[in-house]
2 protein chains.
Amino acid sequence: MKKRKPTIKDIARRLDISVSTVSRAIRGAEDVNPITKKNVLDLAEKIGYKKSVLAAGLASKKSYLIGVIIPELTVPFFGRVILGIEQFLKPLGYDLIIVHSDEQEQKEKECIDILLDRQVDGILISLSFNTKSDLHLKKAMEEEVPIVVFDRILPKSELPIPRVIVDDFEAGYQATNHLINKGYKRIAFIAGPEDLYISQQRLKGYRTAMERNGFGTSADLIVPTLDLRRSVGQALDKLMVLKEKPDAIVALNDPIAFRVIRLLQKRGIEIPQKIAVMGISGDDMGELFNPSLTTINQPAQEMGFVAANLLIDRMNAMKDAKKQGKIFIPMAILKKLPISLIEREST
Amino acid sequence: MKKRKPTIKDIARRLDISVSTVSRAIRGAEDVNPITKKNVLDLAEKIGYKKSVLAAGLASKKSYLIGVIIPELTVPFFGRVILGIEQFLKPLGYDLIIVHSDEQEQKEKECIDILLDRQVDGILISLSFNTKSDLHLKKAMEEEVPIVVFDRILPKSELPIPRVIVDDFEAGYQATNHLINKGYKRIAFIAGPEDLYISQQRLKGYRTAMERNGFGTSADLIVPTLDLRRSVGQALDKLMVLKEKPDAIVALNDPIAFRVIRLLQKRGIEIPQKIAVMGISGDDMGELFNPSLTTINQPAQEMGFVAANLLIDRMNAMKDAKKQGKIFIPMAILKKLPISLIEREST
DNA sequence: AAAATTACCGAGAACGTTTCCGGTAACGCT
DNA sequence: AGCGTTACCGGAAACGTTCTCGGTAATTTT
């Protein structure tokens, strides 16, 4: 009935050795006789020993927890990123605690606090659509928990932290170029909030492609959305009242593109005959639409993998520095992942 | 530079009181002078004290972590459920650790182990598509961590644990009924794995609706899918080779329905003129399809809320029992949530 | 006025690890 | 033979809380 959980003390007693030795054996640390080690491990297995993460964390000041902050739970892209993160971190013994900011800067700050309270060993974060400041990231840095930002980063953050993104310029460029190659001439771009780095870059890519091909970039053709849901309609409205309507639309991301497709169809506009639509994300969902969505694939899973990798690197660097008594000097790293075109029916 | 984090000891020293009193004050426990309490809280705030969850957990044998196991990260339905869970649990000071089983029974077991290792205070789980046994749930019960199952439950589990689902029979019944009212006569049903409770119940609802209206339920019209991706095509193939093709299809859930729509369109079949399609889930995504998907809405967020509520109830019940020295006798609870029809264009 | 109750507080032992600091024995080297 | 290494291992102090048990003074009850 009273099944007290076995501890390393129990093991130590039964094997008549010290707890330190048991601890070393279990941790797979150096300086322990292979035979003793085997004995310990066998007994541990036999009596169903489970190490207390709490106690271990308390003693070692590590929690083996990594916090992940994403803007929304239901965006497929982030689901794929998390897969990549797990893939890298699980084998190392880390678990994930996932929180979401609901695309609000305020909640994002709270998320950081929660994670800091939990004493996570590191944080992976993708900024919300409307985040404008990076003070909360700074806070994490001050508490010496390493942090890396992925996908949604801040344009001109001076913070010396690793960031991993896809080559957003290329994404915008290739998307636009693809449409140009297909013969479209008046290509519009639906952007995101001004401060959003991915939006800026993709837009830049769009502009460059247009100009290189001798199409100007009339301001009419560039319209913003402030969120993923409601404002897509307004953005599209702006395009549809133009005297010269666009014959193709590049959307900032797939979710927006889905809505564009839907709204165009409601207006009875044929895709891609009248207007072509391009997304940027590579969501699987795009395949199921009619017409299916041509898009720029972002290597989401790889992004998670790389981000996790950078985080661990940073953690190790900090540990090493501390070990040598030096102070750690954080540096900015910006890693760009290559993108690729997925051509489907909407263009 | 060496900014050691403040602890309750620091507070105790500076206020010249004992750590126990500080602990009580911070915990908001009984038996502490309001003035002392205020002093403690003020100072804590001032010096930026953060309680160590690790230490607190170790001492109190609570982690204030709740584990959530879902089959897939990218399914919108589960995202919404998690929202509901958070809504209930956050105010109580609990954080969530979310893991996913990737629809595999084996991984599901591993998830349980991970959570148990983390000493979560409770587990909320939705079973994978292919889970057939509940031994791993038993394991959790043995370790005395309360567990509640939501949405995807086991048909005839004898385990005395709370479960919350939607009224799946009603869902199947209403979906079918809706089609019948619309004048469809040969209605097919795309089911899930045999052991899946939600599949059984929805199918039963379908059958009942058919029979009550004088349509038989020819076995031809009921086809299974074993997963959400590949096998939808095979299921549909089986329907399309029938001499008498169906004029409407009820899919087990929205993701399957999305695929059905797409596959039918590829065959050039008009929806809903030739064949109508119904989903069950209430995913927002359905709105964006063309035609948009008629579906049965499951109150996902409410489900999360209710499940979390049941979990806390159970936790309290266990604590009370222990306090009184009695042994806790777990009981099964089955809570059914009402569903509703969302009529759109696909029917 | 004595007894009982209440309100508040302190001491100190957990909780289950890790880690630092030594210590011993065996071995190899000059 | 003496000395430095190396390979293992143990003792004991952290880590930052909670919790049980008493204890004192003030307050109420009898």
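Computed from a predicted structure; not experimentally measured. A, B, ... follow the sequence lines: proteins, then strands. Residue 1 opens every chain.
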message: Check whether Tyr94(A) forms a cation-pi arrangement with Lys90(A) (NZ or CZ under 6.0 Å from the six-membered ring centre, at most 45° off the ring normal).
response: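 The answer is no; the distance or angle limit is not met.
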**Asked** Quick one, which residues of residues 14-24 of chain B touch DNA chain D with a heavy atom under 4.0 Å?
**Response**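 Under 4.0 Å from DNA chain D: Ser20(B), Ser23(B).
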**Message:** My understanding is that only residues two or more places apart in sequence, or in another chain, count here; which of them pass salt bridge (Lys or Arg N to Asp or Glu O under 4.0 Å) with Arg163(B)?
**Reply:**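 Partners of Arg163(B) by the salt bridge (Lys or Arg N to Asp or Glu O under 4.0 Å) criterion come out as none, since no residue qualifies.
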Open item on the list: The criterion is side chain to side chain donor-acceptor pair (under 3.5 Å); which residues satisfy it with Gln87(B), sequence neighbours excluded?
Closed with: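 Residues passing side chain to side chain donor-acceptor pair (under 3.5 Å) with Gln87(B): Gln301(B).
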Do the charged groups of [X] and [Y] touch, with an N to O distance under 4.0 Å?
X: Arg24(B); Y: Asp31(B); result: no
X: Lys51(B); Y: Asp117(A); result: no
X: Lys138(B); Y: Asp134(B); result: no
X: Glu103(B); Y: Arg152(B); result: yes

Could you list where the contact with chain B starts and ends along DNA chain C, reading 5' to 3', using a 4.0 Å heavy-atom cut-off?
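Extent of the interface on DNA chain C: dC8(C) to dG16(C).
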5' priority, DNA chain C, between Asp31(B) and Leu54(A) [closest heavy atom]:
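Upstream on the strand: Asp31(B).
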Determine the contact category for [X]: base if any of its heavy atoms lies under 4.0 Å from a base atom, sugar-phosphate if only primed atoms, P, OP1 or OP2 are that close, otherwise nothing.
X: Lys62(A); result: nothing
X: Lys37(B); result: nothing
X: Lys9(B); result: base

Practice problem: Determine the stems involving DNA chain D; a stem requires 3 or more consecutive pairs of the Watson-Crick or G-U wobble kind, each with both distances below 3.5 Å, and the answer is none if no such run exists. | Solution: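 For DNA chain D the paired stretches long enough to count as stems (3 pairs minimum) are C:1-30 with D:1-30.
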Exercise for review: May I ask you to decide if the ring planes of Phe88(A) and Phe305(A) are parallel, tilted or perpendicular, using 30° and 60° as cut-offs?
Suggested key: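 Correct class here is perpendicular.
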5'-most by nearest nucleotide on DNA chain D - Ala59(B) or Thr36(A) =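 In this pair, the answer is Thr36(A).
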On DNA chain D, does the nearest nucleotide to Asn33(A) precede the nearest nucleotide to Leu58(B) from the 5' side, or the other way round? Give the residue.
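Comparing both residues, the 5'-ward one is Asn33(A).
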Could you walk me through whether Met318(A) and Met315(A) satisfy the side chain to side chain contact (heavy atoms under 4.5 Å, CB included) test, starting with their C-alpha distance in whole Å, then the side-chain angles of each, then the deciding distance to 0.1 Å, before giving a yes or no? CA-CA 5 Å; Met318(A) 286 174 66; Met315(A) 284 166 53; 5.9 Å; no
Q.
Could you walk me through whether Phe150(A) and Leu124(A) satisfy the side chain to side chain contact (heavy atoms under 4.5 Å, CB included) test, starting with their C-alpha distance in whole Å, then the side-chain angles of each, then the deciding distance to 0.1 Å, before giving a yes or no?
A. CA-CA 7 Å; Phe150(A) 62 91; Leu124(A) 292 162; 4.0 Å; yes
- Query: Hey, where on DNA chain D does chain A first and last touch, going 5' to 3'? Cut-off is any atom under 4.0 Å from a heavy atom.
  - Reply: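 The contacted stretch runs from dC8(D) to dG16(D).
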Quick one about His136(A) and Glu108(A) (side-chain donor to acceptor, distance below 3.5 Å, no hydrogens or angles considered), yes or no?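 Yes, side-chain donor-acceptor contact under 3.5 Å.
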Does the Ser128(B) side chain pair with the main chain of Ser101(B), one donor and one acceptor, at a distance under 3.5 Å?
->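 Not confirmed, Ser128(B) side chain does not pair with Ser101(B) backbone.
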request  = Decide yes or no on side chain to side chain contact (heavy atoms under 4.5 Å, CB included) for Tyr49(B) and Ile26(B), but give the supporting numbers first.
outcome  = CA-CA 10 Å; Tyr49(B) 166 79; Ile26(B) 292 210; 3.4 Å; yes
